[in-house]
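Written out below as C-alpha coordinates is the structure these notes cover.
So you know, we letter chains A, B, ... as the sequences are listed, proteins then strands, and number each from 1.
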Amino acid sequence: MIIVPYVTGYLSEHYADDDFRTLSAYKAKGGFEGLKKALAMEPEEVVEIMKSAGLRGRGGAGFNAGMKWSFMPKDTDRPKVLVCNGDESEPGSFKDRLIMERGPLQILEGILIAAWAVGASKAFIYIRGEYKEPIRCLEAAVKELYGARLCGENVMGKKGFNIDIVVHSGAGAYICGEETGLLESLEGKKGQPRKKPPFPAQFGAFGLPTTVNNIETFAHAPYILDRGVDWFRGFGTEKSPGTTLYGVSGHVERPGLFELPLGTPLREVIGHAGGVRGGRRLKGVIPGGMSMPILTPNDIDVPMADEFLSERGTHLGTGGVMVMDETTCMVRVACVVSYFFRDESCGQCTQCREGTGWINKICERIEQGRGTQQDMKLLEDVPAMMEGQTICAFADAAAWPIQGLMRHFRDDFEAHIREHKCPYPESFEL
Amino acid sequence: MQAQTLQKIEALFEKYPQKRGALLPAIYLVQAEKGHVDSDAARELAELFELQPVDVWEVLTFYNMFYTAPQGRHHVYVCTNLPCSLRGARSLLKGIESHLGVHCGQTTADGRITLGHEECLGSCGTAPMMRVDGEYVENLDLVEAKRVIDGLD
(Lines give C-alpha, C1' and ligand atoms only; values in the text may rest on other atoms or scores of the structure.)
Protein backbone atom coordinates (compact mmCIF):
# COMPACT_ATOMS: atom_id res chain seq x y z
CA MET A 1 0.00 0.00 0.00
CA ILE A 2 1.35 3.34 -0.99
CA ILE A 3 2.27 5.73 1.83
CA VAL A 4 0.31 8.96 1.80
CA PRO A 5 2.45 12.11 2.16
CA TYR A 6 2.35 14.10 5.35
CA VAL A 7 3.59 17.26 3.66
CA THR A 8 0.65 18.22 1.49
CA GLY A 9 -0.55 21.06 -0.71
CA TYR A 10 -3.64 21.61 -2.80
CA LEU A 11 -3.06 18.44 -4.79
CA SER A 12 -2.58 15.92 -2.00
CA GLU A 13 -4.54 17.67 0.76
CA HIS A 14 -7.20 14.94 0.92
CA TYR A 15 -5.13 11.91 -0.03
CA ALA A 16 -5.36 10.39 3.46
CA ASP A 17 -9.12 10.17 2.98
CA ASP A 18 -10.17 6.96 1.15
CA ASP A 19 -13.50 8.51 0.21
CA PHE A 20 -11.79 11.26 -1.80
CA ARG A 21 -11.77 8.72 -4.62
CA THR A 22 -15.56 8.71 -4.78
CA LEU A 23 -17.53 11.27 -6.71
CA SER A 24 -19.63 12.51 -3.79
CA ALA A 25 -16.63 13.14 -1.50
CA TYR A 26 -14.61 14.65 -4.33
CA LYS A 27 -17.45 17.07 -5.12
CA ALA A 28 -17.85 17.92 -1.44
CA LYS A 29 -14.20 19.02 -1.42
CA GLY A 30 -14.75 21.34 -4.36
CA GLY A 31 -14.33 18.83 -7.15
CA PHE A 32 -15.70 19.74 -10.60
CA GLU A 33 -15.83 23.45 -9.80
CA GLY A 34 -12.88 23.90 -12.18
CA LEU A 35 -14.71 22.08 -14.97
CA LYS A 36 -17.86 24.10 -14.30
CA LYS A 37 -15.90 27.32 -14.72
CA ALA A 38 -14.17 26.02 -17.84
CA LEU A 39 -17.48 25.10 -19.46
CA ALA A 40 -18.77 28.63 -18.90
CA MET A 41 -15.92 29.88 -21.11
CA GLU A 42 -15.00 29.52 -24.74
CA PRO A 43 -12.43 26.74 -25.28
CA GLU A 44 -9.84 29.30 -26.45
CA GLU A 45 -10.16 31.17 -23.15
CA VAL A 46 -9.38 27.97 -21.23
CA VAL A 47 -6.26 27.43 -23.34
CA GLU A 48 -5.21 31.06 -22.69
CA ILE A 49 -5.67 30.65 -18.94
CA MET A 50 -3.57 27.49 -18.96
CA LYS A 51 -0.89 29.22 -21.03
CA SER A 52 -0.62 32.16 -18.67
CA ALA A 53 -0.69 29.90 -15.60
CA GLY A 54 2.60 28.54 -16.92
CA LEU A 55 1.95 24.99 -15.71
CA ARG A 56 4.96 23.01 -16.86
CA GLY A 57 4.37 19.39 -17.87
CA ARG A 58 5.21 17.13 -14.96
CA GLY A 59 6.27 14.12 -17.04
CA GLY A 60 9.91 15.15 -17.25
CA ALA A 61 10.32 17.57 -20.14
CA GLY A 62 8.64 20.53 -18.40
CA PHE A 63 6.93 22.02 -21.46
CA ASN A 64 4.15 24.59 -20.92
CA ALA A 65 0.93 22.55 -20.89
CA GLY A 66 -1.32 25.32 -22.20
CA MET A 67 1.08 25.88 -25.07
CA LYS A 68 0.85 22.19 -25.92
CA TRP A 69 -2.95 22.42 -25.92
CA SER A 70 -2.78 25.40 -28.30
CA PHE A 71 -0.97 23.30 -30.91
CA MET A 72 -4.12 21.27 -31.62
CA PRO A 73 -5.54 22.13 -35.04
CA LYS A 74 -8.72 24.23 -34.89
CA ASP A 75 -10.22 23.91 -38.34
CA THR A 76 -10.49 20.19 -38.82
CA ASP A 77 -13.27 17.63 -39.05
CA ARG A 78 -11.04 14.86 -37.82
CA PRO A 79 -11.86 13.64 -34.31
CA LYS A 80 -9.31 14.78 -31.74
CA VAL A 81 -7.72 12.65 -29.08
CA LEU A 82 -6.34 13.25 -25.61
CA VAL A 83 -3.87 10.85 -24.11
CA CYS A 84 -3.04 10.78 -20.44
CA ASN A 85 0.42 9.35 -19.88
CA GLY A 86 0.32 7.10 -16.82
CA ASP A 87 3.25 4.96 -17.91
CA GLU A 88 5.35 6.23 -15.00
CA SER A 89 8.49 4.10 -15.22
CA GLU A 90 11.30 6.56 -14.57
CA PRO A 91 13.38 4.98 -11.81
CA GLY A 92 12.97 7.05 -8.66
CA SER A 93 9.59 8.43 -9.73
CA PHE A 94 6.45 7.27 -7.93
CA LYS A 95 4.24 10.37 -7.75
CA ASP A 96 1.84 9.49 -10.57
CA ARG A 97 1.05 6.22 -8.86
CA LEU A 98 0.03 8.14 -5.74
CA ILE A 99 -2.19 10.53 -7.71
CA MET A 100 -3.88 7.66 -9.53
CA GLU A 101 -4.48 5.72 -6.32
CA ARG A 102 -5.57 8.62 -4.14
CA GLY A 103 -6.92 11.29 -6.50
CA PRO A 104 -8.19 9.63 -9.70
CA LEU A 105 -11.01 12.16 -10.07
CA GLN A 106 -8.53 15.06 -10.13
CA ILE A 107 -6.96 13.46 -13.20
CA LEU A 108 -10.33 12.87 -14.82
CA GLU A 109 -11.52 16.42 -14.17
CA GLY A 110 -8.28 17.66 -15.73
CA ILE A 111 -8.90 15.46 -18.76
CA LEU A 112 -12.45 16.82 -19.15
CA ILE A 113 -11.17 20.40 -18.96
CA ALA A 114 -8.54 19.65 -21.58
CA ALA A 115 -11.11 17.87 -23.76
CA TRP A 116 -13.29 20.99 -23.72
CA ALA A 117 -10.30 23.25 -24.40
CA VAL A 118 -8.92 21.33 -27.38
CA GLY A 119 -12.17 19.84 -28.66
CA ALA A 120 -11.27 16.20 -28.07
CA SER A 121 -13.95 13.52 -28.25
CA LYS A 122 -11.85 10.58 -27.14
CA ALA A 123 -9.43 10.20 -24.25
CA PHE A 124 -7.13 7.31 -23.50
CA ILE A 125 -5.51 6.89 -20.11
CA TYR A 126 -2.46 4.72 -20.77
CA ILE A 127 -1.26 3.17 -17.49
CA ARG A 128 1.74 0.90 -17.19
CA GLY A 129 0.64 -2.73 -16.89
CA GLU A 130 2.34 -3.31 -13.55
CA TYR A 131 0.18 -0.60 -11.95
CA LYS A 132 -2.75 -2.90 -11.17
CA GLU A 133 -4.12 -0.85 -8.30
CA PRO A 134 -3.94 2.48 -10.18
CA ILE A 135 -5.72 0.81 -13.12
CA ARG A 136 -8.47 -0.40 -10.77
CA CYS A 137 -8.81 3.09 -9.25
CA LEU A 138 -9.08 4.84 -12.61
CA GLU A 139 -11.49 2.25 -13.99
CA ALA A 140 -13.75 2.65 -10.97
CA ALA A 141 -13.62 6.44 -11.24
CA VAL A 142 -14.38 6.41 -14.99
CA LYS A 143 -17.33 4.12 -14.34
CA GLU A 144 -18.67 6.53 -11.76
CA LEU A 145 -18.30 9.43 -14.21
CA TYR A 146 -20.33 7.61 -16.86
CA GLY A 147 -23.00 6.84 -14.26
CA ALA A 148 -23.22 10.51 -13.32
CA ARG A 149 -23.19 11.65 -16.98
CA LEU A 150 -19.91 13.45 -16.38
CA CYS A 151 -18.51 11.80 -19.44
CA GLY A 152 -20.08 10.34 -22.54
CA GLU A 153 -22.56 12.59 -24.38
CA ASN A 154 -23.47 16.18 -23.51
CA VAL A 155 -21.27 16.33 -20.44
CA MET A 156 -22.73 18.46 -17.62
CA GLY A 157 -25.64 19.25 -19.86
CA LYS A 158 -23.38 21.03 -22.34
CA LYS A 159 -24.85 20.21 -25.74
CA GLY A 160 -22.32 18.77 -28.16
CA PHE A 161 -19.62 18.25 -25.55
CA ASN A 162 -19.03 14.52 -25.98
CA ILE A 163 -16.06 12.68 -24.60
CA ASP A 164 -15.36 8.98 -24.21
CA ILE A 165 -12.69 7.88 -21.76
CA VAL A 166 -10.87 4.54 -22.07
CA VAL A 167 -8.42 3.15 -19.51
CA HIS A 168 -5.71 1.24 -21.37
CA SER A 169 -3.09 -1.00 -19.79
CA GLY A 170 0.50 -1.10 -21.03
CA ALA A 171 2.50 -4.30 -20.84
CA GLY A 172 5.90 -3.52 -19.39
CA ALA A 173 8.21 -1.30 -21.46
CA TYR A 174 9.89 1.88 -20.19
CA ILE A 175 10.01 3.35 -23.68
CA CYS A 176 6.20 3.57 -23.77
CA GLY A 177 6.52 6.58 -21.45
CA GLU A 178 8.00 8.47 -24.43
CA GLU A 179 4.99 10.12 -25.99
CA THR A 180 5.25 8.67 -29.49
CA GLY A 181 6.37 5.27 -28.17
CA LEU A 182 3.20 5.39 -26.11
CA LEU A 183 1.10 6.20 -29.18
CA GLU A 184 2.56 3.25 -31.09
CA SER A 185 1.85 0.99 -28.12
CA LEU A 186 -1.71 2.30 -27.85
CA GLU A 187 -2.17 1.34 -31.50
CA GLY A 188 -1.26 -2.25 -30.64
CA LYS A 189 2.33 -2.13 -31.86
CA LYS A 190 5.83 -2.31 -30.42
CA GLY A 191 6.46 0.87 -28.46
CA GLN A 192 9.10 2.26 -30.78
CA PRO A 193 9.13 6.07 -30.85
CA ARG A 194 8.27 7.92 -34.04
CA LYS A 195 10.34 10.38 -35.93
CA LYS A 196 9.10 13.94 -35.48
CA PRO A 197 7.72 15.89 -37.32
CA PRO A 198 4.90 15.21 -37.76
CA PHE A 199 4.14 15.98 -34.11
CA PRO A 200 1.23 14.32 -32.28
CA ALA A 201 -0.95 17.43 -32.63
CA GLN A 202 -0.98 16.79 -36.38
CA PHE A 203 -0.55 13.01 -36.51
CA GLY A 204 -1.00 11.33 -33.14
CA ALA A 205 -2.93 8.30 -31.89
CA PHE A 206 -4.36 6.37 -34.85
CA GLY A 207 -3.24 9.23 -37.08
CA LEU A 208 -5.60 11.69 -35.36
CA PRO A 209 -4.68 15.08 -33.83
CA THR A 210 -3.53 14.23 -30.31
CA THR A 211 -2.35 15.92 -27.13
CA VAL A 212 -0.39 13.87 -24.62
CA ASN A 213 0.00 15.07 -21.01
CA ASN A 214 1.30 13.44 -17.88
CA ILE A 215 -0.97 12.30 -15.01
CA GLU A 216 0.17 15.05 -12.64
CA THR A 217 -0.16 17.73 -15.31
CA PHE A 218 -3.86 16.92 -15.75
CA ALA A 219 -4.35 16.79 -11.98
CA HIS A 220 -3.22 20.42 -11.56
CA ALA A 221 -5.59 21.79 -14.22
CA PRO A 222 -8.84 21.80 -12.17
CA TYR A 223 -7.23 23.93 -9.44
CA ILE A 224 -5.93 26.47 -11.96
CA LEU A 225 -9.38 26.83 -13.51
CA ASP A 226 -11.17 26.98 -10.19
CA ARG A 227 -8.83 29.23 -8.22
CA GLY A 228 -7.21 31.28 -10.95
CA VAL A 229 -3.86 32.05 -12.46
CA ASP A 230 -2.74 34.48 -9.72
CA TRP A 231 -3.46 31.97 -7.00
CA PHE A 232 -1.54 29.24 -8.88
CA ARG A 233 1.41 31.53 -9.49
CA GLY A 234 1.52 32.18 -5.75
CA PHE A 235 3.30 28.83 -5.49
CA GLY A 236 6.72 28.03 -6.88
CA THR A 237 8.94 30.26 -9.00
CA GLU A 238 8.17 32.60 -11.86
CA LYS A 239 9.36 30.11 -14.47
CA SER A 240 8.07 27.03 -12.62
CA PRO A 241 4.80 27.85 -10.86
CA GLY A 242 2.79 25.51 -8.66
CA THR A 243 3.67 22.66 -6.37
CA THR A 244 4.92 19.22 -7.23
CA LEU A 245 5.23 15.89 -5.48
CA TYR A 246 8.90 15.32 -4.80
CA GLY A 247 9.61 11.62 -4.32
CA VAL A 248 12.57 11.04 -2.04
CA SER A 249 14.14 7.58 -2.01
CA GLY A 250 17.40 5.79 -1.24
CA HIS A 251 19.54 6.47 1.80
CA VAL A 252 17.18 8.63 3.83
CA GLU A 253 15.44 7.98 7.14
CA ARG A 254 11.86 8.20 5.82
CA PRO A 255 11.50 7.81 2.04
CA GLY A 256 8.28 9.17 0.62
CA LEU A 257 6.44 11.83 -1.35
CA PHE A 258 6.21 15.44 -0.26
CA GLU A 259 4.15 18.10 -1.98
CA LEU A 260 6.13 21.32 -1.97
CA PRO A 261 6.34 24.45 -4.14
CA LEU A 262 8.67 24.16 -7.11
CA GLY A 263 11.96 25.79 -6.20
CA THR A 264 12.09 24.39 -2.66
CA PRO A 265 15.79 23.96 -1.77
CA LEU A 266 17.11 20.42 -2.12
CA ARG A 267 18.23 20.46 1.52
CA GLU A 268 14.67 21.08 2.66
CA VAL A 269 13.24 18.38 0.36
CA ILE A 270 15.65 15.79 1.77
CA GLY A 271 15.00 17.16 5.26
CA HIS A 272 11.33 16.18 5.00
CA ALA A 273 12.53 12.61 4.45
CA GLY A 274 14.46 12.79 7.73
CA GLY A 275 17.83 13.51 6.11
CA VAL A 276 20.56 11.02 5.29
CA ARG A 277 20.10 7.74 7.19
CA GLY A 278 22.04 6.99 10.34
CA GLY A 279 23.66 10.43 10.48
CA ARG A 280 25.94 9.47 7.59
CA ARG A 281 27.38 11.99 5.20
CA LEU A 282 25.81 12.68 1.84
CA LYS A 283 27.71 11.59 -1.26
CA GLY A 284 25.43 12.31 -4.19
CA VAL A 285 21.82 13.03 -5.19
CA ILE A 286 20.04 12.28 -8.44
CA PRO A 287 17.47 15.10 -8.50
CA GLY A 288 14.85 14.13 -11.05
CA GLY A 289 14.63 10.45 -11.92
CA MET A 290 17.44 8.26 -13.15
CA SER A 291 17.87 9.95 -16.53
CA MET A 292 19.12 13.11 -14.87
CA PRO A 293 22.80 13.73 -14.04
CA ILE A 294 23.83 13.46 -10.40
CA LEU A 295 24.51 16.36 -8.00
CA THR A 296 27.14 16.52 -5.25
CA PRO A 297 26.87 17.78 -1.64
CA ASN A 298 28.02 21.20 -2.95
CA ASP A 299 24.61 21.52 -4.62
CA ILE A 300 22.56 20.86 -1.48
CA ASP A 301 21.02 24.34 -1.43
CA VAL A 302 19.96 24.42 -5.08
CA PRO A 303 16.28 25.38 -5.54
CA MET A 304 14.50 22.38 -7.00
CA ALA A 305 13.13 23.92 -10.18
CA ASP A 306 14.40 23.24 -13.67
CA GLU A 307 15.79 26.72 -14.33
CA PHE A 308 18.16 26.36 -11.36
CA LEU A 309 19.02 22.71 -11.86
CA SER A 310 19.89 23.26 -15.52
CA GLU A 311 22.55 25.76 -14.39
CA ARG A 312 24.14 22.82 -12.58
CA GLY A 313 24.11 20.51 -15.58
CA THR A 314 21.03 18.54 -14.64
CA HIS A 315 17.21 18.80 -14.68
CA LEU A 316 14.16 18.46 -12.48
CA GLY A 317 12.79 15.67 -14.68
CA THR A 318 10.05 13.91 -12.73
CA GLY A 319 11.18 15.18 -9.31
CA GLY A 320 12.34 11.72 -8.19
CA VAL A 321 15.13 12.49 -5.71
CA MET A 322 17.51 9.57 -5.07
CA VAL A 323 19.84 10.06 -2.14
CA MET A 324 23.15 8.23 -1.76
CA ASP A 325 25.28 8.27 1.39
CA GLU A 326 29.05 8.05 1.82
CA THR A 327 29.12 4.22 1.67
CA THR A 328 27.89 4.27 -1.94
CA CYS A 329 30.12 3.01 -4.75
CA MET A 330 29.37 5.21 -7.74
CA VAL A 331 30.61 2.56 -10.17
CA ARG A 332 27.93 0.24 -8.81
CA VAL A 333 25.44 3.05 -9.37
CA ALA A 334 26.72 3.27 -12.96
CA CYS A 335 26.24 -0.50 -13.32
CA VAL A 336 22.60 -0.34 -12.18
CA VAL A 337 21.86 2.71 -14.31
CA SER A 338 23.49 1.32 -17.45
CA TYR A 339 21.88 -2.11 -17.02
CA PHE A 340 18.48 -0.45 -16.94
CA PHE A 341 19.01 1.49 -20.15
CA ARG A 342 20.52 -1.52 -21.88
CA ASP A 343 17.48 -3.56 -20.90
CA GLU A 344 14.95 -0.94 -21.95
CA SER A 345 16.42 0.36 -25.23
CA CYS A 346 13.80 -0.34 -27.90
CA GLY A 347 16.53 -1.32 -30.34
CA GLN A 348 15.46 0.99 -33.13
CA CYS A 349 18.55 3.25 -33.40
CA THR A 350 22.04 1.81 -33.63
CA GLN A 351 23.73 4.36 -31.35
CA CYS A 352 21.33 3.57 -28.54
CA ARG A 353 20.97 -0.20 -29.03
CA GLU A 354 24.73 -0.74 -29.20
CA GLY A 355 25.85 2.14 -26.98
CA THR A 356 23.72 1.18 -23.97
CA GLY A 357 25.12 -2.35 -24.10
CA TRP A 358 28.71 -1.16 -24.33
CA ILE A 359 28.37 1.29 -21.47
CA ASN A 360 26.96 -1.45 -19.26
CA LYS A 361 29.73 -3.90 -20.20
CA ILE A 362 32.44 -1.34 -19.47
CA CYS A 363 30.93 -0.31 -16.13
CA GLU A 364 30.65 -3.93 -15.00
CA ARG A 365 34.21 -4.61 -16.09
CA ILE A 366 35.46 -1.68 -14.03
CA GLU A 367 33.40 -2.72 -11.00
CA GLN A 368 34.89 -6.22 -11.18
CA GLY A 369 38.40 -4.74 -11.09
CA ARG A 370 39.14 -5.58 -14.73
CA GLY A 371 38.96 -2.04 -16.07
CA THR A 372 41.76 -0.17 -17.82
CA GLN A 373 42.51 3.47 -18.62
CA GLN A 374 41.19 2.79 -22.10
CA ASP A 375 37.79 2.09 -20.53
CA MET A 376 37.79 5.57 -19.03
CA LYS A 377 38.22 6.99 -22.52
CA LEU A 378 35.43 4.76 -23.83
CA LEU A 379 33.10 5.92 -21.05
CA GLU A 380 33.63 9.44 -22.32
CA ASP A 381 33.35 8.63 -26.01
CA VAL A 382 30.37 6.25 -26.14
CA PRO A 383 27.84 8.52 -24.33
CA ALA A 384 29.03 11.46 -26.45
CA MET A 385 28.36 9.45 -29.61
CA MET A 386 24.82 8.59 -28.46
CA GLU A 387 23.68 11.99 -27.28
CA GLY A 388 21.43 13.82 -29.73
CA GLN A 389 21.91 11.19 -32.43
CA THR A 390 18.71 9.17 -32.17
CA ILE A 391 14.97 9.32 -32.90
CA CYS A 392 13.97 9.93 -29.28
CA ALA A 393 15.53 11.26 -26.08
CA PHE A 394 16.14 7.79 -24.61
CA ALA A 395 19.78 7.78 -25.75
CA ASP A 396 20.30 11.16 -24.05
CA ALA A 397 18.68 9.75 -20.93
CA ALA A 398 21.11 6.83 -21.05
CA ALA A 399 24.15 9.02 -21.70
CA TRP A 400 23.52 11.87 -19.22
CA PRO A 401 23.69 9.96 -15.92
CA ILE A 402 26.94 8.27 -16.98
CA GLN A 403 28.40 11.62 -18.01
CA GLY A 404 27.32 13.06 -14.64
CA LEU A 405 28.93 10.22 -12.69
CA MET A 406 32.14 10.56 -14.69
CA ARG A 407 32.16 14.33 -14.19
CA HIS A 408 31.68 14.29 -10.42
CA PHE A 409 32.95 10.88 -9.30
CA ARG A 410 35.81 10.13 -11.64
CA ASP A 411 37.94 9.24 -8.60
CA ASP A 412 35.66 6.28 -7.84
CA PHE A 413 36.22 4.87 -11.34
CA GLU A 414 39.99 5.52 -11.20
CA ALA A 415 40.28 3.80 -7.79
CA HIS A 416 38.67 0.61 -9.15
CA ILE A 417 41.14 0.55 -12.03
CA ARG A 418 44.13 1.28 -9.81
CA GLU A 419 43.27 -1.22 -7.08
CA HIS A 420 41.78 -3.88 -9.40
CA LYS A 421 38.79 -4.18 -7.06
CA CYS A 422 35.88 -2.25 -5.64
CA PRO A 423 37.16 -0.03 -2.83
CA TYR A 424 33.69 0.24 -1.21
CA PRO A 425 33.11 -2.95 0.80
CA GLU A 426 30.16 -1.38 2.63
CA SER A 427 28.38 -0.18 -0.47
CA PHE A 428 24.95 -1.55 -1.40
CA GLU A 429 25.15 -5.04 -2.87
CA LEU A 430 25.12 -5.54 -6.62
CA MET B 1 -9.10 -19.64 -27.65
CA GLN B 2 -12.28 -20.14 -25.64
CA ALA B 3 -15.55 -18.72 -26.97
CA GLN B 4 -15.84 -16.50 -23.92
CA THR B 5 -12.40 -14.97 -24.53
CA LEU B 6 -13.26 -14.35 -28.15
CA GLN B 7 -16.44 -12.59 -27.10
CA LYS B 8 -14.54 -10.37 -24.69
CA ILE B 9 -12.00 -9.46 -27.36
CA GLU B 10 -14.67 -8.60 -29.91
CA ALA B 11 -16.29 -6.31 -27.34
CA LEU B 12 -13.02 -4.39 -27.10
CA PHE B 13 -12.87 -3.44 -30.78
CA GLU B 14 -15.36 -0.57 -30.55
CA LYS B 15 -13.28 1.19 -27.89
CA TYR B 16 -10.54 2.01 -30.40
CA PRO B 17 -10.61 3.99 -33.65
CA GLN B 18 -8.79 1.04 -35.25
CA LYS B 19 -9.23 -2.60 -34.34
CA ARG B 20 -5.54 -3.10 -33.73
CA GLY B 21 -5.69 -0.82 -30.67
CA ALA B 22 -7.33 -3.72 -28.87
CA LEU B 23 -4.34 -6.02 -29.45
CA LEU B 24 -2.59 -5.52 -26.10
CA PRO B 25 -5.76 -6.00 -24.05
CA ALA B 26 -6.60 -9.03 -26.23
CA ILE B 27 -3.21 -10.60 -25.55
CA TYR B 28 -3.85 -10.17 -21.82
CA LEU B 29 -7.15 -12.02 -22.19
CA VAL B 30 -5.58 -14.91 -24.11
CA GLN B 31 -2.72 -15.06 -21.63
CA ALA B 32 -5.18 -15.25 -18.73
CA GLU B 33 -6.51 -18.52 -20.22
CA LYS B 34 -3.36 -20.58 -19.86
CA GLY B 35 -0.63 -18.37 -18.52
CA HIS B 36 1.24 -17.77 -21.75
CA VAL B 37 0.66 -17.11 -25.46
CA ASP B 38 2.30 -19.66 -27.75
CA SER B 39 2.74 -19.44 -31.51
CA ASP B 40 -0.60 -21.15 -32.19
CA ALA B 41 -2.42 -18.63 -30.05
CA ALA B 42 -0.48 -15.84 -31.75
CA ARG B 43 -1.66 -17.14 -35.15
CA GLU B 44 -5.24 -17.20 -33.93
CA LEU B 45 -4.93 -13.61 -32.72
CA ALA B 46 -3.35 -12.57 -36.01
CA GLU B 47 -6.31 -13.98 -37.92
CA LEU B 48 -8.79 -12.24 -35.65
CA PHE B 49 -6.99 -8.90 -36.00
CA GLU B 50 -6.35 -9.34 -39.74
CA LEU B 51 -2.59 -9.13 -39.16
CA GLN B 52 0.38 -11.27 -40.09
CA PRO B 53 1.45 -13.71 -37.34
CA VAL B 54 4.78 -11.89 -37.11
CA ASP B 55 2.97 -8.64 -36.27
CA VAL B 56 1.52 -10.30 -33.19
CA TRP B 57 4.73 -12.14 -32.36
CA GLU B 58 6.86 -9.00 -32.37
CA VAL B 59 4.42 -7.32 -30.00
CA LEU B 60 4.39 -10.39 -27.74
CA THR B 61 8.17 -10.45 -27.48
CA PHE B 62 8.59 -6.66 -27.10
CA TYR B 63 6.78 -6.36 -23.77
CA ASN B 64 7.97 -7.80 -20.45
CA MET B 65 4.52 -8.76 -19.24
CA PHE B 66 3.71 -11.14 -22.08
CA TYR B 67 4.99 -14.71 -21.95
CA THR B 68 5.54 -16.97 -24.93
CA ALA B 69 6.57 -19.99 -22.81
CA PRO B 70 4.90 -21.72 -19.83
CA GLN B 71 5.42 -20.05 -16.47
CA GLY B 72 5.31 -21.18 -12.87
CA ARG B 73 1.95 -21.14 -11.07
CA HIS B 74 3.07 -18.00 -9.29
CA HIS B 75 5.22 -15.07 -10.35
CA VAL B 76 7.59 -13.49 -7.86
CA TYR B 77 9.45 -10.45 -9.16
CA VAL B 78 11.87 -8.41 -7.10
CA CYS B 79 12.56 -4.82 -8.14
CA THR B 80 16.32 -4.32 -8.47
CA ASN B 81 16.49 -0.80 -9.79
CA LEU B 82 18.53 1.87 -7.99
CA PRO B 83 16.12 3.09 -5.27
CA CYS B 84 15.41 -0.52 -4.27
CA SER B 85 19.06 -1.62 -4.61
CA LEU B 86 20.16 1.23 -2.33
CA ARG B 87 17.86 -0.28 0.28
CA GLY B 88 19.07 -3.85 -0.08
CA ALA B 89 17.01 -5.34 -2.93
CA ARG B 90 19.93 -7.33 -4.37
CA SER B 91 20.64 -8.99 -1.04
CA LEU B 92 16.94 -9.71 -0.72
CA LEU B 93 16.86 -11.29 -4.17
CA LYS B 94 19.88 -13.48 -3.36
CA GLY B 95 18.17 -14.60 -0.14
CA ILE B 96 15.04 -15.54 -2.08
CA GLU B 97 17.13 -17.37 -4.70
CA SER B 98 18.71 -19.60 -2.07
CA HIS B 99 15.39 -20.07 -0.27
CA LEU B 100 13.76 -21.33 -3.47
CA GLY B 101 16.85 -23.05 -4.86
CA VAL B 102 16.56 -21.32 -8.24
CA HIS B 103 18.32 -18.48 -9.94
CA CYS B 104 16.57 -15.33 -11.02
CA GLY B 105 14.73 -16.08 -14.29
CA GLN B 106 14.08 -19.73 -13.41
CA THR B 107 11.04 -21.71 -12.27
CA THR B 108 11.12 -24.09 -9.28
CA ALA B 109 11.26 -27.79 -10.22
CA ASP B 110 7.69 -28.34 -8.98
CA GLY B 111 6.46 -25.57 -11.30
CA ARG B 112 5.25 -23.58 -8.31
CA ILE B 113 7.16 -20.30 -8.64
CA THR B 114 8.87 -18.35 -11.40
CA LEU B 115 11.38 -15.95 -9.86
CA GLY B 116 12.46 -12.83 -11.67
CA HIS B 117 13.66 -9.31 -11.22
CA GLU B 118 12.15 -6.17 -12.62
CA GLU B 119 13.05 -2.59 -13.30
CA CYS B 120 11.58 0.29 -11.30
CA LEU B 121 7.98 -0.42 -10.30
CA GLY B 122 7.24 2.97 -8.74
CA SER B 123 7.62 1.71 -5.20
CA CYS B 124 10.72 3.75 -4.38
CA GLY B 125 9.23 5.16 -1.18
CA THR B 126 8.43 1.68 0.10
CA ALA B 127 11.58 -0.13 -1.04
CA PRO B 128 12.58 -2.88 -1.25
CA MET B 129 9.58 -4.62 -2.72
CA MET B 130 8.40 -7.52 -4.84
CA ARG B 131 5.46 -8.15 -7.12
CA VAL B 132 3.67 -11.42 -6.37
CA ASP B 133 1.13 -12.49 -8.99
CA GLY B 134 0.74 -8.87 -9.98
CA GLU B 135 0.21 -7.45 -6.48
CA TYR B 136 2.76 -5.25 -4.72
CA VAL B 137 4.35 -6.40 -1.45
CA GLU B 138 6.32 -3.46 -0.06
CA ASN B 139 8.69 -2.44 2.75
CA LEU B 140 10.15 -5.93 2.65
CA ASP B 141 12.85 -7.81 4.49
CA LEU B 142 13.88 -11.40 3.82
CA VAL B 143 11.82 -12.83 6.71
CA GLU B 144 8.63 -11.24 5.40
CA ALA B 145 9.46 -12.15 1.78
CA LYS B 146 9.90 -15.82 2.75
CA ARG B 147 6.66 -15.77 4.72
CA VAL B 148 4.73 -14.44 1.72
CA ILE B 149 6.41 -16.87 -0.69
CA ASP B 150 5.85 -19.88 1.58
CA GLY B 151 2.17 -19.00 1.71
CA LEU B 152 1.77 -19.55 -2.06
CA ASP B 153 0.17 -22.89 -2.98
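Judged by distance alone, the side chain of B:Arg90 and the main-chain N or O of A:Glu429 form no donor-acceptor pair under 3.5 Å. In this structure a side-chain-to-backbone donor-acceptor pair under 3.5 Å is missing from A:Lys189 to B:Asp55.
Ion pairing between a basic and an acidic side chain is recognised when a charged N comes within 4.0 Å of a carboxylate O; A:Glu187 and B:Arg20 show no such pairing. Salt bridge status for B:Glu138 with A:Arg97: present, with a side-chain N to carboxylate O gap under 4.0 Å. Ion pairing of B:Arg131 with A:Glu130 is absent here, as no side-chain N (NZ or NE/NH1/NH2) approaches a carboxylate O to less than 4.0 Å. By the 4.0 Å N-to-carboxylate-O rule, A:Arg136 lies close enough to B:Glu135 to be salt-bridged with it.
With a 4.5 angstrom heavy-atom cutoff, A:Ile175 touches chain B only via side-chain atoms. Residue contact with chain B, scored on non-hydrogen atoms closer than 4.5 Å, is absent for A:Arg332. Within the 4.5 angstrom heavy-atom criterion, no atom of A:Lys95 approaches chain B. For A:Tyr174, no part sits under 4.5 Å from any heavy atom of chain B, backbone or side chain. Within the 4.5 angstrom heavy-atom criterion, no atom of A:Val81 approaches chain B. In this structure, chain B has heavy atoms under 4.5 Å from both the backbone and the side chain of A:Lys190. Residue A:Ser93 touches chain B through its backbone alone, counting heavy-atom pairs closer than 4.5 Å.
The candidate with the highest count of non-hydrogen atom pairs below 4.5 Å against chain A, out of B:Gly134, B:Ala127, B:Cys79, is B:Gly134. Contact count versus chain B (heavy atoms, under 4.5 Å) is highest, among A:Arg254, A:Glu90, A:His251, for A:His251. Chain A forms more heavy-atom pairs under 4.5 Å with one residue of B:Leu24, B:Val59, B:Asn81, B:Leu23 than with any other, namely B:Asn81. Between chain B and the options A:Ala273, A:Gly92, A:Ala173, A:Gly247, heavy-atom pairs under 4.5 Å are most frequent for A:Gly92.
Scanning both residues, A:Ser249 and B:Pro83, for their nearest heavy atoms gives OG-CB, 3.6 Å.
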